[in-house]
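Just so you know, ligand 1 is whichever comes first in the structure, and atom 1 is the first atom listed for that ligand. In what follows, every heavy atom counts, from backbone to side chain, and hydrogens, waters and symmetry copies are set aside. Just so you know, residue 1 is the first one in the sequence shown, and it goes up from there.
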Amino acid sequence: MDDLLQDDPLERVQACASRAALAELRSALLGRSGSLTSQLRSLGSLPTELRRSQGARLNALRSQIEAALDAREAELQVAEQEQRLSAEALDLTLPAPPLPRGGPHPISCVLDELRDIFQAMGYRIAEGPEVEDELHNFDALNIPAHHPARDLQDTFWLKDGRVLRTHTSPVQVRYMVAHEPPFKIVVPGKVYRYEATDATHEAMFHQLEGLLVADQVSMADLKGTLRELARGLFGPAAEVRFQPSYYPFVEPGADFAAWWENPKGPGKWLELGGAGMVHPQVFAAVDQLRVAQGKAPCYQGKMGFAFGLGPNRIAMLRYAIPDIRHFYANDPRVLAQFRGMGS
Ligand code: YSA
């Protein structure tokens with residue numbers, strides 16, 4: 001009888017410390033050329049009596065070995081699983097790693113401030129799509145087909161003929177088509193222009209549009225409203241200045257600037273945006289769109305003022321940012337400086 005069967009095979013099974021070692025022992029004992037298998041195979045050459053007694057002994061031994069191998073296998077499986085689980089254990093009482101702290105973007109801070117100033121004057125906030133059709137971005141605003149604002153140089157055109165809105169003014173049209181006056185709204189949002197960028201120009205920037213429509217409205221109302229805006233932004237001494245200007249969707253039109261009292265140096269007029277009295281052509285286009293949608297026309301004879309400004313310029317001044325491109329470069333070293341500045 002060979003060594004494996006001589007020194008107690010059951011003890012050897014018990015001594016196996018891993019499932020790999022156990023598999024090796026199983027094959028050495030019971031495999032095709034294993035010790036017990038060869039013993040059983042050689043029974044045929046023994047005399048009948050001896051074959052019978054040896055056969056019974058070897059078969060009993062095989063059953064014992066198989067049972068011992070299976071039991072040890074089960075033990076080792078449990079032990080291995082326990083070991084794996086304890087290695088993978090999580091300490092749920094450990095504090096979580098700190099999350100990096102964010103903060104509102106400086107443009108968001110200025111937009112929040114603008115919303116607050118206008119909401120205090122009773123304005124509602126309105127929104128519109130950033131992908132616009134020509135009708136709302138240009139035609140209905142009295143910007144005819146030959147107008148230079150439609151040039152490839154100024155506008156991102158989509159293949160289907162739509163545009164990335166070049167200003168927030170198309171929301172004036174959308175709002176008027178959907179609502180009857182009187183009302184007053186402001187529209188904060190992103191706009192896009194195909195521009196060479198520099199320290200004061202970006203291809204994507206923000207605007208805030210304003211529109212008031214009622215029975216009797218004048219340039220004086222517009223100026224009073226913009227003065228409130230300037231005072232909300234720059235303090236009670238702020239003043240507003242108009243300079244005649246041309247925008248196809250207003251008549252008369254003006255650019256407006258606010259006097260900014262610089263606490264650290266000489267004050268200056270800060271160009272904020274464009275404004276004017278809503279052009280009768282715009283009201284006519286809106287009424288046409290309303291009729292096309294089965295609504296009653298209601299803008300003929302109404303009056304309104306509108307304005308549009310760039311919050312980027314205000315944020316640059318407020319936070320002494322020398323280059324508009326810093327706002328959108330997504331550089332955390334720049335943005336981290338504004339943490340905690342929002343309201
Ligand atoms: C005018 C009259 C109204 O009744 C209503 C609205 C307007 C504004 C008009 N829709 C408009 O877009 N005028 S604008 O081309 O002069 O832009 C308005 C403001 O946006 C500018 O005063 C400036 O602050 C900002 N702006 C324009 N181009 C910019 C820009 N900011 C950053 N990058 C650019 N490329």
According to the interplanar angle, ranging from 0 to 90°, do the rings of His105 and Phe327 count as parallel (below 30°), tilted (30 to 60°) or perpendicular (above 60°)? tilted
Check whether NZ of the Lys or CZ of the Arg Arg162 lies under 6.0 Å from the centre of the six-membered ring of Trp157 and within 45 degrees of that ring's axis. no
Check each atom of ligand 1 against the heavy atoms of Val250 and keep those under 4.0 Å away; list them by number with element. 4 (O)
Identity and distance of the protein heavy atom lying nearest atom 9 (C) of ligand 1: Phe249 CZ, 3.9 Å
May I ask you to check whether Ala306 has an N/O atom sitting below 3.5 Å from an N/O atom of ligand 1? yes
Subset of ligand 1 atoms that lie under 4.0 Å from at least one heavy atom of Gly308: 5 (C), 6 (C), 7 (C), 8 (C)
Could you list the atoms of ligand 1 found under 4.0 angstrom from a heavy atom of Arg193? 11 (C), 12 (O), 14 (S), 15 (O), 17 (O), 27 (C), 28 (N)
Any carboxylate oxygen within less than 4.0 angstrom of a Lys/Arg side-chain nitrogen, looking at Arg26 and Asp70? yes
For Thr200, counting its heavy atoms only, list the atoms of ligand 1 lying under 4.0 Å from any of them. 32 (C), 33 (N)
Give the residue, atom name and distance (to 0.1 Å) of the protein heavy atom nearest atom 28 (N) of ligand 1. Phe205 CZ, 3.3 Å
Does Glu202 come within less than 4.0 Å of Arg325, counting only side-chain N to carboxylate O? no
Note: Ile324, heavy atoms under 4.0 Å from ligand 1, region reported as side chain
Counting each atom of ligand 1 from 1 as listed, which ones have a heavy atom of Glu209 under 4.0 Å away? 5 (C), 6 (C)
Taking atom NZ as the centre, does Lys190 end up with more than 12 heavy-atom neighbours from other residues, nucleotides or ligands that are less than 6.0 angstrom away? no
Given the rule in the side chain to side chain donor-acceptor pair (under 3.5 Å) test, do His326 and Asp323 qualify, once you have shown the distances and angles that lead to the verdict? CA-CA 6 Å; His326 285 318; Asp323 193 314; 5.5 Å; no
With the threshold set at under 4.0 angstrom, would you say Thr197 reaches ligand 1 through any of its heavy atoms? no
Protein contact to atom 13 (N) of ligand 1 [nearest heavy atom, distance to 0.1 Å]: Tyr247 CE2, 3.6 Å
Should you measure from each heavy atom of Glu195, which atoms of ligand 1 turn up under 4.0 Å away? 28 (N), 34 (C), 35 (N)
If we number the atoms of ligand 1 from 1 as shown, the ones under 4.0 Å from a heavy atom of Arg313 are 23 (C), 24 (O), 30 (C), 31 (N)
NZ or CZ of Lys302 within 45° of Phe283 ring axis and under 6.0 Å: no
Scan Val282, Ile185, Val171 and name whichever one has a side chain to side chain contact (heavy atoms under 4.5 Å, CB included) with Met176. Val282
Answer with yes or no whether Thr166 contacts ligand 1, where contact means a heavy atom under 4.0 Å from a ligand atom. no
Protein contact of atom 33 (N) of ligand 1 - nearest heavy atom, named by residue and atom, plus distance: Glu202 N, 3.0 Å
Starting from atom 18 (C) of ligand 1, locate the nearest protein heavy atom and write down its residue, its atom name and how far away it is, to 0.1 Å. Gln207 NE2, 3.4 Å
Residues Arg231, Glu228: salt bridge by 4.0 Å N-O rule: no
Take a 6.0 Å sphere around CD of Gln83 and say whether it holds more than 12 heavy atoms from other residues, nucleotides or ligands. no
Is any side-chain N of the basic residue among Glu132 and Arg174 closer than 4.0 Å to the acidic one's carboxylate O? yes
Do any N/O atoms on His167 end up under 3.5 angstrom from N/O atoms on ligand 1? yes
If we set the cut-off at 4.0 Å for heavy atoms, which region of Ala275 has an atom near ligand 1: side chain, backbone, both, or neither? backbone
Please step through side chain to side chain donor-acceptor pair (under 3.5 Å) for the pair Asp154 and Thr166, ending with a clear verdict. CA-CA 8 Å; Asp154 289 324; Thr166 56; over 6 Å; no
So the atoms of ligand 1 within less than 4.0 Å of a heavy atom of Ser169 turn out to be 6 (C), 10 (N)
